[in-house]
There are 2 protein chains.
Amino acid sequence: MSAPRITVALDAVIVAVSDRTPRVLTVIDGDPPAIPSGPLDPAGDATLELALRRYVREQAGLEVGYVEQLYTFGDLRRGSAVAPAARAISVAYLALVEQAQPAPGAAWANWYDILPWEDHRSGRPSVIEDALVPRLRQWCEADDHLSGERTARVGLNFGLEKTPWDGIRVLERYELLYEAGIVAEAHIDGGGPDPAPVPGTTMAADHRRIVATALGRLRGKLTYRPVVFELLPGTFTLSRLQRTVEALAGVPLHTQNFRRLVERAGLVEGTGTQTSTGGRPAELFRFREDVQLERPRPGLGIPYR
Amino acid sequence: MSAPRITVALDAVIVAVSDRTPRVLTVIDGDPPAIPSGPLDPAGDATLELALRRYVREQAGLEVGYVEQLYTFGDLRRGSAVAPAARAISVAYLALVEQAQPAPGAAWANWYDILPWEDHRSGRPSVIEDALVPRLRQWCEADDHLSGERTARVGLNFGLEKTPWDGIRVLERYELLYEAGIVAEAHIDGGGPDPAPVPGTTMAADHRRIVATALGRLRGKLTYRPVVFELLPGTFTLSRLQRTVEALAGVPLHTQNFRRLVERAGLVEGTGTQTSTGGRPAELFRFREDVQLERPRPGLGIPYR
DNA sequence: TGTATAATGCTCAGTATGAGTAAAAGAGAG
DNA sequence: CTCTCTTTTACTCATACTGAGCATTATACA
């Protein structure tokens with residue numbers, strides 16, 4: 001018997017922020033929304049990143065700026081019981097854009113429709129206690145031997161008891177929900193029926209996991225690299241900057257302290273011009289490229305608690 | 001013409017620390033040392049990580065504990081002018097072990113023999129000013145148009161002028177040296193002659209780049225996850241912990257403050273027992289697993305300056 | 001002219017960090 | 001048995017950073 005072929009796919013989590021909402025680009029050809037994706041052309045694509053850019057251009061009509069490799073997924077899917085014709089490896093990327101009109105067939109999805117438990121800007125979302133925790137507890141108690149370990153993991157990742165909420169653990173939380181069978185795709189993959197629907201848009205294949213990976217990575221990166229600015233126009237008010245950061249981090253920030261942080265860190269510089277915003281007019285700022293030469297790790301020290 | 005096959009290889013950067021020296025496991029079948037690596041069996045290996053563990057067991061006789069995916073390399077090598085039979089993708093992993101005797105054919109290499117400019121424990125290593133900077137400057141001036149940008153990148157990454165040294169930028173530094181043609185493999189890949197040898201052990205294929213990726217990632221992770229303890233026995237003195245961290249971070253640390261940090265962060269707990277170390281006997285400590293439940297991101301806030 | 005709204009400025013206590021001095025507990029030399 | 005060397009451990013202190021709050025300014029609109 002000959003070894004099966006291997007196919008390599010590139011997946012792109014393309015992120016933009018508008019209206020205080022972080023968004024992910026989805027293509028809607030099939031039923032469950034999917035992120036732009038396509039096979040690597042082993043002969044034609046010189047680099048993985050170029051292949052990705054090509055796909056995004058073709059499928060979404062977007063030219064992306066900042067691109068970063070996220071993770072490579074290559075496990076045999078539990079669902080594929082029959083030996084597949086080819087082993088599928090997928091390399092996922094994170095891309096950031098200032099929001100633009102995508103091509104027909106592509107649309108911006110609200111990140112927090114996909115992962116509703118991640119938005120803590122107006123306090124801890126009720127979905128955690130209402131929908132998640134009861135089923136997680138059930139899962140913890142379902143196995144006598146693993147019960148303790150499971151309870152600890154749940155507590156740690158969902159900020160139960162004394163543990164503070166850690167915004168960065170997006171992927172760990174998703175994986176816990178998957179393991180516990182609480183997200184719909186766990187049952188699709190497992191082949192079994194879905195006992196009860198749970199909040200959050202299900203996506204094609206493992207795309208929701210990839211989106212979770214991306215959000216976690218982005219939240220982390222925010223604290224030590226000036227990546228937010230990739231999502232903003234050339235000039236912006238400090239409150240727009242703050243709203244963008246809050247949208248990604250999923251937590252509210254103290255306005256005055258945010259301002260202090262951002263100015264003292266030398267991340268931005270005023271342009272002198274002003275813009276009206278419904279209250280006192282705000283000064284327009286721009287990103288100071290030079291921070292990167294002055295500070296080793298310029299970012300926004302966000303308190304993820 | 002049919003599309004070429006794709007092969008997926010797993011590469012492992014296996015790290016241990018002993019004698020104040022961070023070490024990387026190398027296999028020495030060919031001439032330039034290589035890291036353990038082998039093709040994914042698309043039918044037999046259920047997950048990429050299991051495939052990796054299998055390889056490490058086979059090639060190095062080691063059972064690794066902590067494993068983390070690093071990066072996926074898939075660019076067409078410049079060197080391979082003739083179309084290869086298969087497109088090579090390689091997924092690199094970082095693994096941490098308490099040092100053990102590797103199988104014959106494998107050996108521990110000193111991390112700083114491979115990347116000599118990264119060790120700043122006894123101050124800025126002279127190799128930077130002696131061997132690197134002159135050639136980097138040459139490279140900056142070699143292109144009129146890119147000169148400014150290149151100078152800025154070099155200054156930023158090698159801590160020239162006012163920029164502080166940033167220990168984490170290991171990969172950026174390697175890539176700069178590669179681009180500038182200062183590391184030997186840049187010429188092997190390019191096919192041209194190597195004008196002048198430069199310090200640092202050359203490795204097979206792109207393995208030195210992978211090692212650089214691993215060091216950077218590990219240095220970063222140190223600050224927000226308790227990964228050091230994967231490299232240590234169950235109990236250890238605080239100074240051994242400090243030496244291990246210093247070995248990885250490549251910078252000296254203030255002993256008293258390190259102690260304060262580590263104790264106040266709740267990362268360790270005393271065991272009561274003592275051990276003699278040449279001076280006053282030291283208490284033995286163990287890692288406090290519970291930190292992970294108390295603090296969202298327990299790590300060692302290392303000043304990389 | 002007042003009121004709502006957002007932007008900006010400033011204070012203050014608590015905590016963390018960098019740097020240093022000093023004491024304690026052994027080993028080994030003489 | 002005492003002195004010295006080495007390492008571990010305990011404190012101190014000035015400075016920087018953080019979280020939280022109060023206060024003021026500049027506009028739009030009723």
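What you see below is based on every heavy atom in this structure, not just the backbone, and it leaves out hydrogens, waters and symmetry mates. Nothing here was measured: the structure is a model prediction, and the numbers come from that model. Chain identifiers are assigned alphabetically (A, B, ...) following the order of the sequence lines, protein sequences preceding nucleic acid strands; residue numbering begins at 1 within each chain.
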Asks: Contact class for B:Ser276 (heavy atom, under 4.0 Å): base, sugar-phosphate, or nothing?
Replies: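 Here B:Ser276 touches no strand at all.
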
Asks: Taking atom C1' of C:dA16 as reference, at what distance in whole Å does atom CZ of B:Arg259 sit?
Replies: 19 Å

Asks: Tabulate atom names and distances for all N/O pairs under 3.5 angstrom spanning the protein and nucleotides 21-25 of chain C.
Replies:
residue	atom	partner	partner atom	Å
C:dT21	O4	B:Gln256	NE2	2.5
C:dA24	N3	B:Arg280	NH1	3.3

Asks: Do you know which two heavy atoms are closest between A:Val97 and A:Leu231, and how far apart they sit?
Replies: O-CD2, 3.5 Å

Asks: So, A:Phe236 versus A:Phe287, ring centres under 6.0 angstrom or not?
Replies: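 Between A:Phe287 and A:Phe236, which both carry aromatic rings, the centre distance is not below 6.0 Å.
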
Asks: Enumerate, atom names and distances included, each donor-acceptor pair closer than 3.5 Å involving a side-chain atom of residues 256-263 of chain A, sequence neighbours excluded.
Replies:
residue	atom	partner	partner atom	Å
A:Gln256	OE1	A:His254	NE2	3.0
A:Asn257	OD1	A:Arg260	NH2	3.4

Asks: Within 45° of the ring axis of B:Trp165 and under 6.0 Å from its six-membered ring centre, is that where the NZ or CZ of B:Arg173 lies?
Replies: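 Geometry flag: set, cation within 6.0 Å and 45°.
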
Asks: Should the pair B:Arg153-B:Glu172 be classified as a salt bridge under the 4.0 Å nitrogen-to-oxygen rule?
Replies: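 No, B:Arg153 and B:Glu172 are not salt-bridged.
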
Asks: So does B:Leu284 get a backbone contact from the side chain of B:Thr271, meaning a donor-acceptor N/O pair under 3.5 Å?
Replies: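 Yes, because the side chain of B:Thr271 sits within donor-acceptor range (under 3.5 Å) of the backbone of B:Leu284.
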
Asks: Using a cutoff of under 3.5 Å, can you pull out all pairs of nitrogen or oxygen atoms linking the protein to nucleotides 12-15 of chain C, with atom names and distances?
Replies:
none

Asks: Calculate the interatomic distance between A:Leu241 atom CG and C:dA6 atom P; express it in whole Å.
Replies: 17 Å

Asks: With nearest nucleotides of DNA chain C determined for A:Glu283 and B:Gly278 from heavy-atom distances, which residue corresponds to the more 5′ nucleotide?
Replies: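 That would be A:Glu283.
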
Asks: Kindly check if the number of other-residue, nucleotide or ligand heavy atoms within 6.0 Å of CZ (B:Arg137) is above 12?
Replies: no

Asks: Tell me whether B:Arg20 at atom CZ has more than 12 heavy atoms from other residues, nucleotides or ligands lying less than 6.0 Å away.
Replies: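 For B:Arg20, atom CZ is not crowded (no more than 12 foreign heavy atoms under 6.0 Å).
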
Asks: Report the distance from atom CG of A:Leu284 to atom C1' of C:dT8, rounded to the nearest whole Å.
Replies: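 So the two atoms are 15 Å apart, to the nearest Å.
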
